[in-house]
Amino acid sequence: MSAYPFLKENIEALEKHNPPLYNWLSSQNIDQEQLANSLFKNRWEILDWKMKNGKGLFEATTPNVIYNSWKVLEKAETSATIIVGCNLGYGLNHVLMNTPDTHKVILTEPNPEMLLACLGQTDYRPFIECGKLHFCPVDEDRLMTIIKELDLQFVYGKIYLRLDMASQQMGPEYAKWTATIRDKLESFSVEMSTLRQKQDIMVGNELENFSRTVQDGTISTLKNAGKGLSAVILGAGPSLAEFGPDLAENPGHAIYVTALQTLPAVQKTGLKPHFCIGLDYNKSMLRVYEQLDKEWAKDIPLIYSTKLDHEVLEAYPGPTIPMWTMGGLGTFALSQHEEIFDAGSNVSVTLNRFLDWCGFNQILLVGQDFAWKGKISHSAGHQNAGATFPARALVQLKNADGENLTSSIQYMTSKREMEEDIAKLKTPVFNLYGGGALINGTKNVDIQKINMNGLLASVPGSMEHFLTSMNLARTPRPAPTFESRSQKWTISIRNATKKLEKLFRKLNKNQVEINKTFHNLYFFLRQDPLYLPYLYNEIMDMAGLAKAKTSYTLKDLPHYKKIAKKTIKKVKYMDRCLSVDEHKEAA
């Protein structure tokens with residue numbers, strides 16, 4: 001099309017460099033007539049796009065007025081801009097031309113015709129090929145992948161989210177998609193903060209637990225072992241105290257599960273779960289044992305995240321089965337030897353995912369209230385029963401009957417994450433509704449309808465099959481022995497340190513060579529997937545020296561030496577923890 005002089009070349013560049021966006025565009029039902037007839041020169045004598053109401057996007061005001069405020073005032077080199085809505089490229093081009101080459105620009109456009117119109121007006125190939133410009137389809141999974149690739153920008157820069165004012169005239173989808181992106185950015189910001197602060201603790205727990213996991217078995221025997229069975233997840237919300245005793249009298253033929261921290265509250269109802277799951281890496285989980293009847297719990301298997309604090313694990317009175325989860329040693333290093341489970345961000349999500357992975361026919365939620373009436377936020381026995389919340393953390397909402405409820409920002413976030421997850425599960429989820437927050441994606445039932453709907457029923461023999469699989473899961477497994485890396489790493493890092501000491505003696509002359517050496521060290525620290533999770537903070541710190549700085553001063557050398565010293569210490573510690581049996585075949 002003569003009106004779209006750069007469309008063909010840009011599409012070819014996307015096919016090569018961005019297959020997800022190219023595939024998304026190819027799958028859209030493009031309105032060719034709209035593309036042909038919507039371009040025109042408006043009263044300002046600039047190229048414009050005619051909307052369905054006959055007006056142009058920029059008839060009310062010119063692009064200059066809108067985009068002059070899109071300024072990146074802080075840390076432009078190490079930051080990123082996410083733009084929702086591209087119009088004909090006016091806002092996108094403004095950001096591209098007014099930011100350094102290292103500034104990342106992500107463009108997402110809900111309207112495929114509008115995206116094609118934008119691609120037709122400007123040659124974006126140089127920006128695409130150098131990695132400055134990336135296009136994101138309207139797909140939450142792809143969006144999250146792109147956001148996670150902005151980890152350096154989160155740590156060393158800022159993320160600017162721009163909703164295009166002109167594009168908003170075309171429909172509500174732009175504001176909705178912006179809200180989705182904002183939620184994802186906030187979630188990832190919390191995740192990044194947690195990683196920076198707690199990654200050493202979580203992977204450290206895995207290392208401390210490593211030798212024990214070899215003896216404790218694996219969850220792999222439980223995959224699809226729940227076929228033909230109903231499952232009940234017991235939460236610690238106020239309605240657990242209401243419904244628990246009724247279920248204890250008539251438990252049916254279902255598998256009951258709960259979180260480790262909920263066990264004391266469950267015991268008070270008269271119910272006894274078939275197993276529990278421990279996920280939280282924090283040492284504060286030891287508080288559970290202040291109220292837990294250890295004699296009662298000694299035959300309840302605990303499926304524990306390998307990131308669980310080793311003292312919490314050692315204190316558990318019953319059988320234990322390890323669950324290797326994403327984000328730690330298992331992600332890369334153990335994937336050939338163990339089942340690596342995506343646990344999600346909280347135990348409610350984990351319980352649903354795990355039962356779905358086990359292949360259960362249906363899941364019934366009990367005590368999953370996410371809100372409360374009055375002042376009682378948890379059932380008696382839970383470690384947070386009687387806890388108070390600061391006013392700034394509270395949220396007011398209504399239940400299905402219009403009654404006022406109190407919740408917290410944290411619980412609402414957990415509820416939203418669980419709702420998003422339930423939508424992706426194969427297993428139908430029901431909620432024994434006790435007047436708490438409504439959970440989208442579940443079907444509310446009352447205590448009378450449980451048996452009518454067969455929510456506690458199971459196929460004959462399925463219960464025995466699952467419990468047998470649970471016993472088999474506790475069979476000790478041979479573990480790989482990993483070849484020691486610490487000696488080689490120590491030599492390489494010390495050689496690099498000597499080189500940098502020499503370069504820093506003539507600091508002004510050697511700026512480029514120092515940067516190159518820091519880049520080489522950054523890639524060196526990332527080379528081994530086994531070490532990568534435990535060295536996360538050192539890798540990010542090295543990235544700060546290699547990628548977030550354009551010039552160096554004398555104080556950067558001692559900063560580097562601290563990173564190098566901590567890296568060598570960690571690698572030596574990992575070698576000690578992973579040497580479970582020197583006679584096993586090296587991995």
Side-chain angles (χ1 to χ4, degrees), residues 1-40 47-52 56-58 63 80-97 104-150 161-182 184-185 424:
M1 297 180 183
S2 59
Y4 301 95
F6 300 105
L7 184 58
K8 180 176 181 295
E9 291 81 0
N10 282 329
I11 291 293
E12 289 173 351
L14 288 173
E15 183 179 14
K16 179 181 179 181
H17 296 283
N18 193 341
L21 190 282
Y22 176 82
N23 293 335
W24 177 79
L25 258 182
S26 301
S27 68
Q28 301 301 305
N29 184 20
I30 304 296
D31 187 341
Q32 297 292 338
E33 184 178 349
Q34 187 179 16
L35 281 174
N37 299 328
S38 294
L39 286 181
F40 75 105
L47 196 64
D48 204 343
W49 177 268
K50 187 176 294 183
M51 297 181 288
K52 290 182 179 179
L57 288 173
F58 295 100
T81 298
I82 301 176
I83 302 172
V84 182
C86 62
N87 59 75
L88 295 176
Y90 291 114
L92 173 60
N93 294 351
H94 174 84
V95 174
L96 289 173
M97 300 308 296
K104 302 294 182 185
V105 180
I106 295 93
L107 186 283
T108 180
E109 169 57 65
N111 185 323
E113 286 85 11
M114 199 74 256
L115 179 56
L116 289 176
C118 174
L119 291 171
Q121 307 309 316
T122 304
D123 186 359
Y124 292 115
R125 287 175 296 174
F127 301 104
I128 295 171
E129 290 165 2
C130 76
K132 178 178 174 68
L133 173 60
H134 195 97
F135 292 87
C136 176
V138 183
D139 176 89
E140 290 191 25
D141 291 336
R142 183 60 189 162
L143 170 68
M144 205 62 217
T145 299
I146 291 172
I147 288 175
K148 287 182 177 180
E149 292 172 352
L150 298 175
L161 178 58
R162 309 292 196 187
L163 171 55
D164 183 61
M165 186 198 309
S167 297
Q168 273 194 279
Q169 301 173 84
M170 298 178 65
E173 62 270 23
Y174 291 88
K176 290 178 181 177
W177 185 227
T178 302
T180 298
I181 296 172
R182 186 175 288 110
K184 299 292 185 186
L185 288 172
K424 302 173 185 177

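- Residues Leu35 and Asp31 form no side-chain contact, since every pair of their non-hydrogen atoms from C-beta on lies 4.5 Å or further apart.
- Within the 4.5 Å cutoff, the side chain of Trp49 has heavy atoms near those of the Gln34 side chain.
- By the 4.5 Å heavy-atom criterion applied to side chains, Gln168 and Leu163 are counted as neighbours.
- Residues Tyr4 and Leu39 have side chains in contact (heavy-atom distance under 4.5 Å, counting atoms from C-beta outward).
- Panel note: side chain Asp48, backbone Phe40; no donor-acceptor pair is recorded below 3.5 Å.
- Looking only at side-chain heavy atoms (C-beta outward), Glu15 and Ile11 stay at 4.5 Å or farther from each other.
- Between Lys16 and Glu12 no salt bridge is recorded (no basic side-chain N to carboxylate O distance below 4.0 Å).
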Tyr174 and Glu109: CA distance, side-chain angles, deciding distance, side-chain hydrogen bond (donor to acceptor under 3.5 Å, both in side chains) verdict: CA-CA 8 Å; Tyr174 291 88; Glu109 169 57 65; 2.4 Å; yes
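- Residues Asn18 and Ile128 are not in side-chain contact: their nearest non-hydrogen atoms beyond the backbone lie 4.5 Å or more apart.
- Looking at heavy atoms from C-beta onward, Lys132 lies out of side-chain contact with Tyr124 at the 4.5 angstrom threshold.
- Under the 3.5 Å distance criterion, the side-chain polar atoms of Asn10 are matched with a main-chain donor or acceptor of Thr122.
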Residue pair Glu149, Ile106: steps toward the side chain to side chain contact (heavy atoms under 4.5 Å, CB included) verdict: CA-CA 11 Å; Glu149 292 172 352; Ile106 295 93; over 6 Å; no
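- The number of heavy atoms from other shown groups lying within 6.0 Å of CE (Met165) does not exceed 12.
- Distance check: Phe135 CZ to Tyr22 OH gives 15.0 Å after rounding to the nearest 0.5 Å.
- In this structure, the separation between CG on Leu14 and CG on Leu21 is 5.0 Å, given to the nearest 0.5 Å.
- Thr108 pairs with exactly one of Asp139, Val138, Leu115 by the side-chain contact (heavy atoms from CB on, under 4.5 Å) rule, that one being Val138.
- Closest non-hydrogen pair, Pro20 versus Pro137, comes out as O-CG, 4.3 Å.
- Counting only distance, with no hydrogens or angles, the side chain of Gln28 and the backbone of Leu25 share no donor-acceptor pair below 3.5 Å.
- Considering all non-hydrogen atoms of both residues, Met51 and Leu57 come closest at SD-CD2, 3.6 Å.
- At a threshold of 4.5 Å between non-hydrogen side-chain atoms, the residues Glu140 and Lys184 count as touching.
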